[in-house]
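Notes for the one structure printed next.
Naming convention: chains lettered A, B, ... in sequence-line order (proteins, then strands); numbering from 1 in each chain.
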There are 2 protein chains.
Amino acid sequence: MEILDIIKSLSNETRLNILKWLKDPYAHFPEEELSEDTPQLGVCVSDIAKKAEMSIPTVSDYLKTMSSAKILIATRRGQWTYYKRNEQLLQDLAMHIKDVL
Amino acid sequence: MEILDIIKSLSNETRLNILKWLKDPYAHFPEEELSEDTPQLGVCVSDIAKKAEMSIPTVSDYLKTMSSAKILIATRRGQWTYYKRNEQLLQDLAMHIKDVL
DNA sequence: TAGGTATTTAGGTAATTACCTAAATTTGTG
DNA sequence: CACAAATTTAGGTAATTACCTAAATACCTA
């Protein structure tokens with residue numbers, strides 16, 4: 001766990017919001033963008049970009065940064081890339097801050 | 001707790017190191033820089049700057065940033081400003097990441 | 001009050017980050 | 001294969017952050 005990369009990937013308001021939205025996609029994305037696979041797969045780049053009101057390339061890069069830091073998990077399915085949270089890493093991060101930092 | 005400011009104040013390697021050094025000053029600073037007051041007061045700016053091998057103004061600014069985010073607590077004592085960790089806030093941060101983020 | 005030490009503030013440059021648009025790539029489909 | 005949709009990559013500019021030195025301030029003590 002590269003703590004500095006993880007923290008850096010969280011040090012931006014939009015990225016932090018994305019993380020929160022993905023905690024409960026059903027509460028934050030329109031119904032027609034969700035499916036039964038949403039819990040397993042997460043949400044695709046363009047839907048997240050729309051929610052963030054930012055350009056797709058910017059958000060694509062944010063998501064890539066966050067998955068490099070292992071905060072998000074990417075799944076390519078056809079032409080779509082879905083991103084979901086890495087709950088395990090977030091719990092590890094909390095424990096690390098609690099005990100190590 | 002302004003989570004974004006807290007995370008930003010941790011998103012730099014030197015600032016992260018300072019936080020760790022202050023967790024146990026006796027393990028990280030030379031004996032002659034420590035006293036019986038160290039646990040209550042923390043360590044002064046110039047000693048931290050020396051340890052970080054960076055200029056005093058830079059470190060002074062880092063420490064100010066961190067205490068604005070409430071991660072550190074500053075105590076002015078004569079001509080010295082001592083900084084110690086805010087353990088409560090760090091625990092709150094860990095819980096916030098665990099439960100809210 | 002004078003002079004010394006610790007710190008902070010001001011002001012600067014270099015590096016990094018935050019975005020964007022345009023172009024390239026990947027994948028599905030007729 | 002050609003074309004369309006989703007994404008990524010490239011390449012750019014503006015804003016922010018990371019440092020530094022010099023100057024100003026705060027506080028001590030003779």
For this session: Tell me, with the steps shown, if B:Leu4 and A:Leu16 meet side-chain contact (heavy atoms from CB on, under 4.5 Å).
Result: CA-CA 8 Å; B:Leu4 189 58; A:Leu16 216 48; 3.9 Å; yes

For this session: Could you tell me the separation between the CG atom of A:Leu4 and the C1' atom of C:dT16, rounded to a whole number of Å?
Result: 13 Å

Problem set entry | Separation of atom CD in B:Glu13 from atom P in C:dT17, rounded to whole Å | 13 Å

Exercise. B:Ile71 versus B:Arg85: any side-chain heavy-atom pair under 4.5 Å?
Worked result: no

Exercise. Phosphate oxygens OP1/OP2 of D:dT7: is one of them under 4.0 Å from a side-chain N or O of A:Lys64?
Worked result: no

Exercise. When the distance from NZ of A:Lys8 to C1' of C:dA18 is rounded to whole Å, what number comes out?
Worked result: 14 Å

Problem set entry | Length of the line joining A:Leu10:CG and C:dT17:P, which is rounded to integer Å | 14 Å

For this session: List the steps and the verdict of side chain to side chain donor-acceptor pair (under 3.5 Å) for B:Ser55 and B:Thr58.
Result: CA-CA 5 Å; B:Ser55 76; B:Thr58 295; 2.9 Å; yes

Problem set entry | Separation of atom NZ in B:Lys50 from atom C1' in C:dT5, rounded to whole Å | 14 Å

For this session: May I ask you to say what A:Tyr82 touches in the nucleic acid, namely base, sugar-phosphate or nothing, with a heavy-atom cut-off under 4.0 Å?
Result: nothing

For this session: Take the protein atom CE of B:Met66 and the nucleotide atom C1' of D:dT17, then report the distance between them rounded to whole Å.
Result: 15 Å

Seminar exercise, completed: On a heavy-atom basis, the closest approach of B:Val45 and B:Tyr83 is CG2-CE1, 3.7 Å

For this session: State whether B:Arg15 places a side-chain N or O below 4.0 Å from either non-bridging phosphate oxygen (OP1 or OP2) of D:dA18.
Result: yes

For this session: Would you tell me if any nitrogen or oxygen in the side chain of A:Thr81 comes within less than 4.0 Å of OP1 or OP2 on D:dT8?
Result: yes

Exercise. Can you tell me how far the CG atom of A:Asn86 sits from the CG atom of A:Leu93, to the nearest 0.5 Å?
Worked result: 10.5 Å

Problem set entry | Interface residues of residues 32-49 of chain A with DNA chain D (non-hydrogen, below 4.0 angstrom) | A:Cys44, A:Val45, A:Ser46

Exercise. Do you reckon B:Ile3 sits in the same ILVMFWY cluster as A:Leu101, going by side-chain contacts under 4.5 Å, direct or chained?
Worked result: yes

For this session: Taking the side chain as every heavy atom from C-beta outward, state whether B:Leu72 and B:Leu22 have any pair of such atoms under 4.5 Å apart.
Result: yes

Exercise. Would A:Lys50 and A:Glu33 pass as an ion pair if we require N to O under 4.0 Å?
Worked result: yes

Problem set entry | Gap between atoms CG and C1', on A:Asp5 and C:dT16 respectively (whole Å) | 14 Å

Problem set entry | Pairwise side-chain contact, B:Lys70 with B:Met1, heavy-atom cut-off 4.5 Å (strictly under) | no

For this session: Treat primed atoms plus P, OP1 and OP2 as sugar-phosphate and everything else as base, then score nucleotides 19-30 of chain C 5' to 3': B for base contact with protein heavy atoms under 4.0 Å, S for sugar-phosphate contact only, - for none.
Result: SBBB----BS--

